[in-house]
Engineer: 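Just dropping this structure here.
In what follows, every heavy atom counts, from backbone to side chain, and hydrogens, waters and symmetry copies are set aside. Lettering of chains follows the sequences in order, A, B, ..., and the numbering in each one begins at 1.
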Amino acid sequence: MMLARRIGGKLGGLLLTLFLASLLVFFSRFLVPGDPIRFLLRGRKPSAEAIELVRAQFGLDLPVWQQYVNWVTGMLQGDFGRSLQYRQDVSTVIGERLPVTLGLVVMSGILIGVIGLASGIIASLNRGKPLDRSILIGLTVLGAIPSFVGSIVLIAIFAVQLGWFPTFGSGEGFLDRIYHLVLPSIALALVFVVLVGKVTRSSMVEQLGREHVEVATSRGLRRAVVIRRHVFRNAIGPILTVSGMLVAGLIVASTIVEAAFGLAGIGSLLVASVDRLDFPVVQAIVLLVVAAFVVVNGIIDVLEPWIDPRSAAGGSAR
Amino acid sequence: MSAPTPTLAVRMMRGPRLKRAASWYFVSLGVLAVMTLAAVFAPFIAPYDPNLVNLSAVHQSPSIAHWLGTDSLGRDTLSRMIFGARTALLGPLLVVVFSTILGILLGLVAGWRGGWLDAVLGRFFDVIFAFPSLLIAIMAVALFGKGLVAPVIAMSIAYAPFVARLTRQLILSERSRPYVSAYRVQGFSGPWIALRRVLPNVTPIVGAQSTLNFGYVLAELAGLSFLGLGVQAPTADWGAMINEAQAGLVGGYFLPAIVPAVAVVIVVVAVNIIGEELSDRIGGGVPA
Amino acid sequence: AQEEGGGGIEWEMTTQTAAPSGDIDSFSWASYAEPYTLDYAYAFDYADNQVLANVCESLLRLNPDFTLTPGLAESFEHPDPLTWVYNIRPGVTFHDGTPLTAADAVASMSRIIDPAVGASWYSVYQNVVSIEQTGDMQVTVKTGIPDSQFNLGMGGSAGVIESAATLAAAGTDYGNSSGGVNCTGPFSLDKWQQGESITLKRNDNYWDTDLTAKSAEVKIVFINDATARVNALKSGDVDGSWMIPMEGVTQLQSSGAGEMYYGLNTAVSNLVISNLDGPLGDPNVRKALLMAIDRQGIVDAAYKGVGEVTDVHTTKSVWVGASDAAVTAAFDGVEDYPYDLEAAKKLVEDAGVAGEELVFVTAPIGNDFNVIAQATAAAGAAIGLKVTIQTVTPNAYTTLFSDPSAREGVDLFYTSWYLSSPDPLEMYGVLRTGEFSNYGNWSNPEFDALVTEALGIDDPAERSAVTAQAQALANAELPWLPLFTGPTTMFLGKRITGVAPSVAYLYYPWAATIGAR
Amino acid sequence: MTLLDISELTLDLPNGNRLLDGISLRIDAGETVGLVGESGSGKSLTARAVIGLLPDGARTSGSVRLGQTEVLGASVTQLLDLRRHTASMIFQDPRAGINPMRTIGDHLTEALRLCEGKSTAEAKTRATELLAAVRLPRPDDHMNQYPHELSGGMLQRVMIAGALTSSPQLLICDEPTTALDVTTQAEIVAVLAEQRASRGMGMLFITHDLNLAASLCDRVYVMSAGRVEEHGTARAVFGSPQTPYTRRLIEATPSIALSAAETAELAQRESAPAVAGGAQAAEPMLEVEGLCKSYRRRGKAPVDAVKSISVSIPRGGALGVVGESGSGKSTLARMIVGLESADAGGIRVDGRDRTTVPHTRAERLAHARSVQMVFQDPYLSLDPRIAAGRSIEDALRLHSKLDSRAARSRVLELLDQVGLAAQYADARPRTLSGGQRQRVAIARALAIEPDVLVMDEATSALDVSVQAQVLDLVADIRTERGLTVLFISHDLAVVRRVCEETVVMKSGEVVERGQSVQLLAAPQHPYTRLLLDSIPRPAWESDARESAAANA
Ligand SMILES: Nc1ncnc2c1ncn2[C@@H]1O[C@H](COP(=O)(O)OP(=O)(O)OP(=O)(O)O)[C@@H](O)[C@H]1O
Ligand SMILES: Nc1ncnc2c1ncn2[C@@H]1O[C@H](COP(=O)(O)OP(=O)(O)OP(=O)(O)O)[C@@H](O)[C@H]1O
Ligand SMILES: [Mg+2]
Ligand SMILES: [Mg+2]
Ligand code: NI
């Protein structure tokens with residue numbers, strides 16, 4: 001009962017966040033100097049009636065609040081409006097490109113999880129030793145490689161010089177898609193691997209110093225068991241929290257990687273749409289990113305009592 | 001009745017690490033100092049006008065005349081690197097300074113004042129957290145046009161909640177410490193304690209953490225330039241230079257792209273080393 | 001190292017590549033961008049048109065040599081200066097199997113002048129007053145004033161005929177990736193994978209057996225990044241592409257993956273003068289600026305030397321049907337503007353505008369934009385004018401061409417202006433007083449009179465003599481500063497051949513000609 | 001049979017610091033050995049060395065034989081075997097020692113399941129038995145509970161049960177009751193003694209509380225700075241300490257045993273019961289009337305921290321407040337110093353109303369001059385960034401118009417009064433020891449020259465010897481300045497050293513009040529009696545008492 005209330009409260013908070021974010025996203029466009037109509041009618045002498053026609057067609061003639069309500073209700077029904085640029089439903093435009101970005105994000109996510117956790121755990125178990133230091137230095141340097149630099153280097157070496165990977169496109173079919181996304185997901189993962197690695201390390205180190213770990217050791221549990229059951233298990237919380245915060249960042253960072261690898265995901269769509277004042281698309285993507293953030297963090301919040309039973313009681317974590 | 005000492009693990013960690021890391025710390029400080037000096041005195045140091053086009057000397061390899069060669073317009077890469085350091089360093093610096101000031105103020109208000117104000121600010125932070133900084137920067141570019149100004153303002157806002165949340169947390173834990181109660185009992189006013197005593201105790205930790213943002217901001221601003229949404233040509237900027245030089249890569253002209261890329265990596269590494277070392281040092285001075 | 005910079009590329013013009021040895025199952029082609037639409041009413045850019053040209057056909061056909069021959073109109077008549085009668089070809093079917101009728105033609109053409117559609121090709125129809133079906137297979141178009149250019153425009157997207165039923169059914173989704181198109185071309189639209197590729201399938205019922213596609217399938221992949229595009233061509237992932245980034249040409253040639261071709265083009269690179277109230281209001285200052293720009297340097301730096309400096313606004317390729325005398329007059333009888341800083345400086349000083357400021361707007365679209373902006377700034381500096389470069393988004397740059405308010409405070413910008421019809425008059429029509437694309441509001445009554453006169457002349461040879469005079473005037477006055485012309489570039493991989501490298505690929509079903517090497 | 005034999009154990013850190021220096025210690029089967037000494041003397045290190053838990057990179061010499069095995073240099077499997085079968089350890093803080101993210105059941109059964117290979121059901125049965133053995137009320141329910149759902153005392157029982165799962169021959173207890181209340185401590189000690197007896201285990205019992213060691217141990221070792229200072233039977237060591245260090249330690253340890261003079265005085269007073277009226281005649285300096293405070297927490301029942309408390313202290317008097325954790329002592333103190341507002345009731349200091357939390361500057365300063373406070377934790381009650389002298393100077397200058405020179409000399413004067421040399425004026429708190437910090441805090445409170453000084457557990461965080469010094473200091477200041485003191489502590493023995501009057505609090509209420517000595521001699525309220533009985537006494541003394549009681 002307490003738990004249900006707590007989860008309800010958390011979800012309410014997240015929905016409020018989503019609502020406020022939608023306000024921000026929707027009304028920001030009224031700060032834009034350019035008139036989207038101008039773009040719609042590019043290359044033509046627009047007559048007043050033509051402008052009105054287009055305005056009505058895209059619902060730009062309604063009062064602002066009405067536009068917002070229409071927008072939100074539409075979106076709740078899966079109607080994201082119509083792209084000015086592609087003359088198509090935004091949901092179609094985004095829907096076609098979403099799988100690429102999702103694939104990219106999922107593959108990077110796996111890389112980030114595996115490499116980040118592994119490096120963090122190994123470093124923490126060897127803290128103060130040369131291995132720890134090398135991992136830390138390695139992570140610091142890797143983390144300093146912006147994804148566009150990483151992309152260029154990866155393309156130059158593995159796609160062009162060695163020819164191991166394709167230079168463009170996102171492939172068709174499951175395996176081909178994975179093959180095509182290997183390099184981009186590595187480039188995307190770089191910075192995030194470092195963040196996860198460092199959080200893992202410090203969270204593990206913190207837990208390693210805890211007395212209950214010593215207690216477990218003193219009771220004759222093998223080191224591997226102690227690490228798994230008492231150190232890693234307890235270190236998961238902060239790692240998950242940080243990972244949750246990173247999800248939205250990962251989607252946004254894919255803009256750069258998609259641009260560099262010429263992938264048709266929603267990241268490159270976002271940049272193109274920003275450039276062309278295609279507001280419905282920009283708004284939908286931004287809101288999608290925010291929603292992804294809210295959903296992932298909502299899941300993590302809901303999971304929290306299982307990860308840290310104390311939080312269910314409302315006590316302070318750790 | 002035993003004294004609460006910082007956990008042994010923490011102390012153990014600090015001991016050996018500090019000494020070894022220190023040399024890298026000073027190297028990093030040196031690197032950053034050199035870059036900063038180069039940026040400040042760019043007009044005196046740079047051998048050429050960074051925008052001087054020489055169509056008869058494009059894509060030259062390094063030579064005595066052009067130490068780092070020339071780009072697709074025959075401009076001197078070294079000179080552009082030196083001038084590029086200005087935007088590369090200034091942007092992140094401004095973001096770090098603004099976001100730190102803004103974040104500390106908001107965090108102080110939220111943490112010290114508490115109550116509904118804390119709740120409102122907390123909600124505001126939550127909303128901003130849902131917008132990754134690069135996304136906010138891209139939106140700002142869409143709204144206010146390209147260049148350094150819009151992204152810097154946007155990223156200052158994007159990063160402020162991180163600073164604010166840390167500040168708030170520190171303020172909260174600091175506020176619950178008996179020394180704050182002791183000041184109250186002595187008759188000091190709340191604002192005085194907050195501003196004159198608690199804030200100075202919190203600022204160095206927050207500042208050190210903020211330093212770490214510098215690297216991220218630099219990379220993100222460069223990424224924005226790379227997308228063509230940031231600093232605009234012909235202004236020399238490392239990210240924009242990489243963007244411009246990308247076309248040359250197909251022709252095998254790697255240098256104009258690699259030089260700024262390496263510079264970005266070096267600065268980010270240096271700043272991270274400095275930030276971590278500072279956090280370590282400052283964090284060690286305050287009882288945990 | 002010195003060599004690298006100046007090292008140009010050896011190039012020669014090709015009109016036709018070797019004939020294919022036979023059919024091919026499929027080939028892939030790289031496009032620098034995804035089409036925004038395949039709706040002919042909006043297809044106004046390289047990316048849109050190079051795909052559309054293979055799927056949809058026009059009343060007339062613009063051939064690779066820039067001649068016009070009958071297309072979906074079997075023949076046309078011009079009974080009086082205000083009337084154009086098109087006889088629709090019988091026995092043609094759309095991709096869905098329905099037959100082509102005059103009603104389809106009326107519906108397709110009427111869309112262009114429908115304000116609710118807001119077509120990009122409206123200017124071709126600007127003088128049209130009515131489009132009517134005058135027989136089972138006949139359409140009659142009436143114009144308000146004599147307009148020789150209308151008929152020439154029927155070879156481009158403005159003349160595309162789409163099934164009226166499809167237009168009605170698809171509604172606003174017509175031409176996008178979900179609505180698709182239903183035309184008569186040698187290929188039909190098979191699959192449009194957004195952001196990735198468009199796949200075309202051979203139309204086995206194509207009416208023109210000479211142009212039946214030699215490939216069962218064409219996959220046009222969108223690769224925005226120049227580096228990636230070159231890499232894809234080099235590695236053989238993609239068989240060919242138009243518009244090759246010049247930086248990559250050396251690599252492509254040495255890779256042995258295929259062959260570079262240079263062919264007919266109609267584009268001239270110009271600096272548009274958008275403010276005649278400033279220092280550039282004085283023709284001598286315009287001349288001075290042109291003479292101060294190192295145009296050969298630009299061609300060398302931005303295009304590896306592939307291109308030629310020009311002093312006029314058209315290429316010889318569009319002077320189809322012109323008299324030899326007219327061509328000579330138009331190209332040899334005009335003033336040269338050699339690179340001469342001293343003379344240019346003097347002109348500026350004489351005009352008394354030294355030290356004044358010019359605003360040059362550019363966008364990060366390609367290296368050539370960059371080079372030209374920088375070279376113009378350098379030229380200005382050399383003759384005592386301060387050229388400020390303002391970089392805007394590609395979109396904002398696009399609005400320069402559509403929105404007068406976007407041009408406020410702007411003195412110059414760069415454009416590569418290509419012609420879609422085989423007549424230089426298309427270019428000069430634009431520069432008349434009050435024309436929409438006369439961005440600087442340049443006005444010369446003598447010029448206006450010449451162009452209007454030419455528009456009314458139906459005989460191309462006769463017309464060309466008048467057009468030549470207009471060209472000479474524009475050359476003397478320089479409402480725009482012509483910089484250079486370059487060939488259409490194309491790369492063909494080792495598997496394919498047969499296509500003619502010509503800018504006509506924007507309207508001619510080029511992919512149908514490609515078969516196995 | 002010798003269970004544990006440590007001889008000449010020396011432990012050095014990689015940086016050359018010698019933490020243990022030639023420790024020799026022996027425990028026979030079934031014997032309880034105490035290890036006492038001040039904080040940092042190396043007690044825990046010694047204990048951990050027994051089960052092979054050494055600091056990273058530490059170098060050792062000497063030998064530690066546990067049963068038949070040499071621990072130093074033992075292989076991993078040998079060590080695991082020792083930990084599983086021979087020795088178990090109970091740690092100081094049960095809250096830190098049990099994984100907060102796993103259930104009690106998991107904590108108890110994991111060793112059985114993962115080390116002994118018992119089935120889940122078997123392990124569960126055994127664990128439930130053990131929980132019952134350590135007298136937890138609902139063993140079956142507790143198995144599924146998380147640590148945060150249990151109190152400290154219950155957790156320590158869980159910890160003990162956990163240590164007993166492996167039926168060890170030696171039980172090492174590292175200050176197992178330090179984090180607990182006296183009453184709880186008594187219960188835990190009882191459980192330990194019971195288990196020891198029923199299982200015939202040897203026990204190494206570490207504590208800083210000499211009384212506790214005396215009550216439980218057969219023999220004791222006294223440690224100081226990594227060495228064993230003295231050892232022998234408990235009675236011998238505490239009865240006739242041989243080294244000055246042990247002697248000092250014993251002297252500093254507060255005791256509730258009444259001295260002969262006190263007993264005499266008490267007897268005298270009992271014969272003339274009306275004398276008390278004399279003290280009440282004087283105008284009280286601090287007067288608290290019907291004070292109430294309850295904390296409202298969101299979504300939970302409110303906590304009545306203080307329920308209608310009335311106390312008063314005559315001018316120059318000292319009142320002790322004792323009570324277990326959570327009884328509302330601190331809340332009372334915080335209301336008196338104006339950190340917290342009262343729900344009802346009134347506070348008067350020197351006749352002036354001080355009930356409300358001050359708001360204006362004038363109110364704040366006036367309130368501050370009325371009452372000052374010394375806080376429990378000397379490590380957190382000084383601003384880490386501000387030098388000792390500076391913090392005193394801040395207070396001085398807020399309350400007087402002294403120029404900086406005068407303020408400075410006043411600071412030195414105050415430091416001198418609390419027994420700190422002038423050089424400490426510039427010291428950062430971090431560089432000061434706990435006792436020194438608490439002196440600075442006292443000097444800072446005195447700088448304002450308050451009417452009343454509230455000390456909330458001001459010595460709880462200090463070692464006994466340091467505590468004794470600070471208590472002496474307070475006594476000195478009282479006699480010198482006639483300061484009125486409200487002294488809060490959970491330790492009756494400490495309170496009675498400072499205060500002539502004492503109140504006992506329980507769940508926000510005063511359950512008993514009276515002269516300190518009288519309270520000790522003849523507690524009226526059952527809770528006070530429980531409190532007194534819980535205080536450990538040397539085994540031989542309680543024997544004597546019991547026999548005395550039997551005689552009566
Ligand atoms: N792992 C370690 N690394 C370095 N120094 C240590 C380590 N463990 C203990 N020490 C040091 O060794 C000394 C003795 O510590 P120990 O924990 O044995 O003291 P203690 O007698 O148990 O004190 P307390 O009563 O505070 O628990 C202290 O100075 C402590 O700082
Ligand atoms: N700020 C607060 N909010 C809610 N409850 C509180 C607060 N402060 C104290 N309490 C509760 O009030 C009761 C009394 O607390 P108080 O700190 O006065 O006890 P104490 O006697 O000083 O205990 P200790 O000996 O542990 O210091 C406790 O139950 C405590 O949990
Ligand atoms: Mg200890
Ligand atoms: Mg308390
Ligand atoms: Ni593939």
Engineer: For D:H107, does its backbone N or O pair with a side-chain atom of A:R219 as donor and acceptor, under 3.5 Å?
Structural biologist: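 Such a contact is found between A:R219 side chain and D:H107 backbone.
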Engineer: Distance check, rounded to the nearest 0.5 Å: D:L79 atom CG versus A:S218 atom OG?
Structural biologist: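 Interatomic distance, D:L79 CG to A:S218 OG, rounded to 0.5 Å: 12.0 Å.
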Engineer: Can you tell me which of D:L82, D:V76, D:L80 forms the most heavy-atom pairs within a distance under 4.5 Å of chain A?
Structural biologist: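 Of the options given, most contacts go to D:L80.
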Engineer: Please name the pair of heavy atoms, one in A:L221 and one in D:C115, separated by the smallest distance, quoted to 0.1 Å.
Structural biologist: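 A:L221 and D:C115 have their closest heavy atoms at CD2-SG, 3.5 Å.
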Engineer: Can you say whether D:R95 sits under 4.5 Å from chain A via the side chain, the backbone, both, or neither, judging by heavy atoms?
Structural biologist: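 The answer is neither part of D:R95.
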Engineer: Can you tell me which of A:V215, A:V225, A:I307 forms the most heavy-atom pairs within a distance under 4.5 Å of chain D?
Structural biologist: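 Most heavy-atom pairs within the cutoff with chain D belong to A:V215.
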Engineer: Given D:N99 and A:H212, is the side chain to side chain contact (heavy atoms under 4.5 Å, CB included) satisfied, shown in steps?
Structural biologist: CA-CA 5 Å; D:N99 190 341; A:H212 67 80; 3.8 Å; yes
Engineer: With side chains defined as the heavy atoms from C-beta onward, is the minimum distance between D:D56 and A:R127 less than 4.5 Å?
Structural biologist: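 With C-beta onward as the side chain, the pair touches.
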Engineer: What part of D:T77 is in contact with chain A, defined as an atom under 4.5 angstrom from a non-hydrogen atom: side chain, backbone, both or neither?
Structural biologist: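 Neither part; nothing is under 4.5 Å.
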Engineer: Sort D:E110 into side chain, backbone, both or neither according to what part of it lies under 4.5 angstrom from a heavy atom of chain A.
Structural biologist: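 Both parts, heavy atoms under 4.5 Å.
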Engineer: Using a cut-off of under 4.5 Å for heavy-atom pairs, which of A:R223, A:H230, A:R229 has the most such pairs with chain D?
Structural biologist: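 Ranked by heavy-atom pairs under 4.5 Å with chain D, first place is A:R229.
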Engineer: With rounding to the nearest 0.5 Å, note down the distance linking CD1 in D:I98 to CZ in A:R210.
Structural biologist: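 One finds 14.5 Å between CD1 of D:I98 and CZ of A:R210.
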Engineer: If you apply the rule side chain to side chain contact (heavy atoms under 4.5 Å, CB included), what do you find for D:R83 with A:T217, and how did you get there?
Structural biologist: CA-CA 8 Å; D:R83 291 171 187 165; A:T217 310; 3.3 Å; yes
Engineer: Would the distance check show the side chain of D:R84 and the main-chain N or O of A:G220 forming a donor-acceptor pair, the cut-off being under 3.5 Å?
Structural biologist: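 At least one qualifying donor-acceptor pair exists.
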Engineer: Does D:M89 form a side chain to side chain contact (heavy atoms under 4.5 Å, CB included) with A:E214? I'd like the steps, not just the answer.
Structural biologist: CA-CA 10 Å; D:M89 185 154 168; A:E214 211 161 22; over 6 Å; no
Engineer: Below 4.5 Å, heavy atoms only, C-beta onward: do D:P100 and A:N234 meet side chain to side chain?
Structural biologist: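 Yes, their side chains come closer than 4.5 Å.
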Engineer: Using non-hydrogen atoms and a 4.5 Å limit, figure out which bit of D:H85 sits close to chain A: side chain, backbone, both or neither.
Structural biologist: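 D:H85 has no heavy atom closer than 4.5 Å to chain A.
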Engineer: Which atoms of D:I51 come close to chain A, meaning under 4.5 Å heavy atom to heavy atom: side chain ones, backbone ones, both, or neither?
Structural biologist: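 Side chain of D:I51 only, per the 4.5 Å heavy-atom cut-off to chain A.
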Engineer: Output the option from D:S166, D:G162, D:A163, D:S88 having the highest count of non-hydrogen pairs under 4.5 Å with chain A.
Structural biologist: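 Most pairs with chain A among the choices: D:G162.
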Engineer: Restricting to non-hydrogen atoms, name the atom on A:R222 and the atom on D:L114 that form the minimum distance, rounded to 0.1 Å.
Structural biologist: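 Where A:R222 meets D:L114 most closely, the heavy atoms are NH2-O, 4.4 Å.
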